[in-house]
Amino acid sequence: MTLPILGARTDIRLPAYDPADVRVGIVHLGLGAFHRAHQAVYTDDVLGSDPTWGISAYTQRSARVRDQIGPQHGLFTVLERGNRAGPLRVVGSILEARAPSDGPGAAERIADPTIRLVTLTVTEKGYRFRGGGLDLRDPLIQADLARFGRDRPRTVVGQLAAGLELRRRGDAGPLSILPCDNLPANGATVRRLVRDFCAALPTAVGDPLAAWIDTEVAFPSCVVDRIVPSTAIVDLDEVSRLLGFDDAGAVVSEPFSQWTVEDVFAAGRPAWERAGAVFTTDVAPYEAAKLRLLNAAHSLLAYTGALSGHDTIARAMTDPVLADAARRLMAEDAVPTLTLPDGFDVEDYQRTILLRFADPALGHRTNQVAADGSLKLPIRLLDTARDRLAAGGTPYWVALAVAAWMVYVATRDTVQDPLAARLAMAAAGRDTPSALVDALLAVREVFPEAPDPVWREMLIEHAAKLL
Ligand code: NAI
Ligand code: CS2
């Protein structure tokens, strides 16, 4: 794909700048679908007024996306599907698409003085946290610690720490690290993980690095929201038809997009507010609302929907029982636990979420949302359950979602989850609802506390019905 070929097309939105004028200012880790349809688009919107924020993006586990968009000079299209979909859009903000084995590696790129910001979308499991801190028992973390400064790091936290160490040594100046995954306090969390990594290094190396990070590196938190299903063959076919040629790196997205960002950057930032991002001093209330309303209802629909034979979230929403459960989970269980920002219309927020989920144009697979439940449940559902139980409430709909996860784990041949083997072993041969619930409640990585008796009874009641 080249821009001169597209230049004559008025039905396609093209970058409002010449990519040849743009310089790299951002390193992104995790070149998946979401980054291309979210941060890359916001950045594309502002490069015309400030061309110093082009993106150097690194895939993490495979070279697939590098191979898709690299030969297209980093260009790719975003196809919006659904109500109020905009025109097909070509995005030019990714100037470099690299795989972990390419040179220079992510750490070397982070150390370049022209880089002022690192963004990440590496999924919940990419951070390798456990019990609130870095999982120091993880073999790849151990390998990155043992080979620090010698081999190319393989974990995300290892890449950040190695990049920061090279930056410190090269006196390359301050930097911000902005994680864009669905994690609570994502900036503070990543700061903690990087600090844990430093603390596990020999003190002669780790201490000066940690001290430098404390003064030179900012870790803003942000809340991202845009539903971006993994691209299907039918999507690529539609893009080909609309473009008149193939785009191997196209992504599909709903038209809706939101980004609320904590405005604490150490070395400047793109003026993303011009593209609709909202900068604020405290993202925590927005983040709790998003995780406990949208993501919680999404997980409920994913597990109950998959168990009912629905392959997409929109199909699950056509079942009035499931749609009502999603609505009531938000309204009855989650809303009472939230401290909402001033002026936040929580009724409208919930209504909009359900409309977005129900849009049949977006084929968001239930199994995609169901993946990695052991990491998603605590953040989306268990915090709400804990708060409601502590207030004397009965989080009935949250219990339905968690019980549906348990039955999903017990009845699928394969489950995509970093704890899949452990969960399968726990669930194996548990023939009664109570045996299944007790076996999975005993998985401490997911349920760190002894179960509340009311909560356990609700889970058993739901599991019995679901089974
Ligand atoms: P994707 O599957 O297209 O890309 C995932 C990226 O994460 C890939 O670059 C992959 O290599 C990397 N990754 C996965 N596991 C990893 C691991 N163990 N270590 C290091 N890197 C790893 O997924 P997509 O759609 O880009 O979503 C990624 C994340 O973005 C989500 O998990 C979520 O946190 C966030 N997000 C996604 C939204 C969506 O609708 N797709 C919306 C809001 C946030
Ligand atoms: C989804 C989210 O895959 C999932 O677990 O719940 O990625 C969801 O699509 C986004 O958070 C929407 O912003």
Side-chain angles (χ1 to χ4, degrees), residues 28-41 57-66 68-69 76 97-100 106 119-129 135 138-141 144 153-160 179-184 186 189-190 193 222-232 249-254 256-260 286-287 289-303 305 312-314 326 352-353 356-357 359 362-377 379-381 401 405 416-418:
H28 180 78
L29 305 184
L31 180 46
F34 181 58
H35 173 67
R36 277 173 281 166
H38 192 269
Q39 304 96 61
V41 170
Y58 283 81
T59 67
Q60 289 293 303
R61 293 179 309 171
S62 83
R64 189 170 52 89
V65 182
R66 189 268 320 259
Q68 289 169 341
I69 71 169
F76 61 90
R98 296 200 165 129
T119 53
L120 302 100
T121 52
V122 292
T123 80
E124 293 85 345
K125 62 183 172 291
Y127 294 96
R128 295 171 200 272
F129 59 83
D135 185 359
D138 182 288
L140 289 184
I141 291 285
D144 282 355
R154 294 180 47 204
T155 66
V156 169
V157 173
Q159 288 166 55
L160 292 176
C180 302
D181 282 286
N182 289 321
L183 297 173
N186 47 17
T189 300
V190 172
L193 299 176
C222 74
V223 188
V224 289
D225 192 4
R226 189 170 210 194
I227 298 175
V228 184
S230 54
T231 313
V251 287
V252 284
S253 168
E254 63 172 342
F256 181 97
S257 187
Q258 244 174 26
W259 200 3
T260 311
Y286 299 93
E287 164 196 288
K290 199 229 160 186
L291 290 169
R292 292 184 184 206
L293 296 173
L294 185 150
N295 292 117
H298 224 187
S299 288
L300 178 141
L301 289 166
Y303 299 119
T312 67
I313 296 291
T352 306
I353 288 170
R356 292 166 63 198
F357 287 173
D359 195 329
L362 212 58
H364 202 187
R365 287 178 307 105
T366 42
N367 281 329
Q368 183 181 357
V369 180
D372 300 341
S374 69
L375 291 168
K376 290 175 178 172
L377 252 53
I379 294 165
R380 300 173 174 202
L381 294 160
W405 169 76
Q416 209 188 310
D417 196 294

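Predicted model only: the values in this text are computed from it and were never measured. When a ligand or atom number is given, it counts from 1 through the structure's own listing order.
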Looking at side-chain heavy atoms only, is the closest gap between Ile69 and Leu31 below 4.5 Å?
yes
Between Tyr303 and Leu377, is any pair of side-chain heavy atoms under 4.5 Å apart?
yes
Does Gln368, backbone or side chain, put an N or O under 3.5 Å from an N or O of ligand 1?
no
Considering only heavy atoms of Glu124, which atoms of ligand 1 have at least one such atom less than 4.0 Å away?
32 (O)
Check each atom of ligand 1 against the heavy atoms of Leu31 and keep those under 4.0 Å away; list them by number with element.
9 (O)
Below the 3.5 angstrom mark, is there an N/O of Val228, backbone or side chain, next to an N/O of ligand 1?
yes
Is Phe34 in polar range of ligand 1, meaning some N or O pair under 3.5 Å apart?
yes
Quick one: are Leu120 and Leu160 in side-chain contact, heavy atoms under 4.5 Å?
yes
Minimum-distance protein heavy atom relative to atom 28 (C) of ligand 1
Thr123 CG2, 3.9 Å
For Ile227, the ligand 1 atoms whose distance to one of its heavy atoms is below 4.0 Å:
40 (O)
Any side-chain donor-acceptor pair under 3.5 Å between Lys376 and Asn182?
no
Sub-3.5 Å donor-acceptor pair from the side chain of Asn186 to the main-chain atoms of Cys222, do we have one?
yes
Evaluate Thr59 for polar contact with ligand 1, using N/O atom pairs at a separation under 3.5 Å.
no
Chi angles and distances behind the side chain to side chain contact (heavy atoms under 4.5 Å, CB included) call for Phe34, Val251
CA-CA 8 Å; Phe34 181 58; Val251 287; over 6 Å; no
For ligand 1, the portion of Asp225 having any non-hydrogen atom under 4.0 Å away
neither
Please could you name the atoms of ligand 1 that Val156 approaches to less than 4.0 Å, counting only its heavy atoms?
20 (C)
Let me confirm one number: the NE2-CD1 distance from His364 to Ile313, rounded to the nearest 0.5 Å.
6.5 Å
Validation row: Trp405, Leu381 side chains within 4.5 angstrom (heavy atoms):
no
Look at the aromatic rings of His35 and His28 and report parallel, tilted or perpendicular, splitting at 30° and 60°.
parallel
Heteroatom proximity flag, Asn295 to ligand 2, N/O under 3.5 Å
yes
Ligand 1 versus His364, non-hydrogen atoms closer than 4.0 Å: side chain, backbone, both, neither?
neither
My understanding is that only one of Asp181, Thr189, Asp135 makes a side-chain hydrogen bond (donor to acceptor under 3.5 Å, both in side chains) with Tyr127; could you say which?
Asp181
Closest to atom 29 (C) of ligand 1 (heavy atoms only, candidates Thr155, Asp372, Thr121, Asp181) is Asp181
Could you list which atoms of ligand 2 come closer than 4.0 Å to a heavy atom of Lys376?
3 (O), 4 (C), 5 (O)
For Asp417 and Gly373, indicate whether the former's side chain and the latter's backbone hold a donor-acceptor pair under 3.5 Å.
yes
To the nearest 0.1 Å, how far is atom 10 (C) of ligand 1 from its closest protein heavy atom, and which atom is that?
Arg61 NE, 4.0 Å
Given Gln60, Arg128, Lys125, the one that forms side chain to side chain contact (heavy atoms under 4.5 Å, CB included) with Val156:
Gln60
Is Arg380 in polar range of ligand 2, meaning some N or O pair under 3.5 Å apart?
yes
Is there a side-chain contact between Val65 and Arg36 in this structure, where contact means two heavy atoms from C-beta onward sitting under 4.5 Å apart?
yes
Quick one: does Thr260's side chain get under 4.5 Å of Lys290's, heavy atoms only?
no
Would you say ligand 2 has an N or O under 3.5 Å from any N or O of Gln368?
no
Mind checking whether Trp259 and Gln39 have side chains closer than 4.5 Å, heavy atoms only?
yes
Residue selection (non-hydrogen contact nearest atom 4 (O) of ligand 1) among Ser253, Gly32, Pro418, Gly30:
Gly32
Between Pro229 and Arg365, is there a side-chain heavy-atom distance shorter than 4.5 Å?
no
What atoms of ligand 2 come within less than 4.0 Å of a heavy atom belonging to His364?
9 (O)
I need the nearest protein heavy-atom contact for atom 19 (N) of ligand 1: residue, atom name and distance, please.
Gly126 CA, 3.5 Å
Can you check whether a protein heavy atom sits less than 4.0 angstrom from atom 2 (O) of ligand 1?
no
So which heavy atom in the protein is nearest atom 7 (O) of ligand 2, and how far is it from that ligand atom?
Asn182 ND2, 3.7 Å
For Leu294 and Arg356, what are the C-alpha separation, side-chain angles and deciding distance, and is it a side chain to side chain contact (heavy atoms under 4.5 Å, CB included)?
CA-CA 10 Å; Leu294 185 150; Arg356 292 166 63 198; 3.3 Å; yes
What atoms of ligand 1 come within less than 4.0 Å of a heavy atom belonging to Arg226?
38 (C), 39 (C), 40 (O), 42 (C)
Specify the protein heavy atom at minimum distance from atom 22 (C) of ligand 1: its residue, its atom name, and the distance to 0.1 Å.
Val122 O, 3.4 Å
Hey, is Gln258 one of the residues with a heavy atom under 4.0 angstrom from ligand 2?
no
Expected output: side-chain Thr231 to main-chain Ala250 donor-acceptor under 3.5 Å:
yes
closest protein heavy atom to atom 1 (C) of ligand 2 is His298 ND1, 3.3 Å
Of all protein heavy atoms, the one nearest atom 21 (N) of ligand 1 is Gln60 CB, 3.3 Å
When you measure from the heavy atoms of Val224 to every atom of ligand 1, does any distance fall below 4.0 Å?
yes
Considering distance alone, does some N or O of Ala33 sit under 3.5 Å from an N or O of ligand 1?
yes
Options Thr123, Asp225, Leu291, ranked by nearest heavy atom to atom 13 (O) of ligand 2, top entry:
Asp225
Taking only heavy atoms of Lys290, which atoms of ligand 2 are found under 4.0 Å from at least one of them?
10 (C), 11 (O), 12 (C), 13 (O)
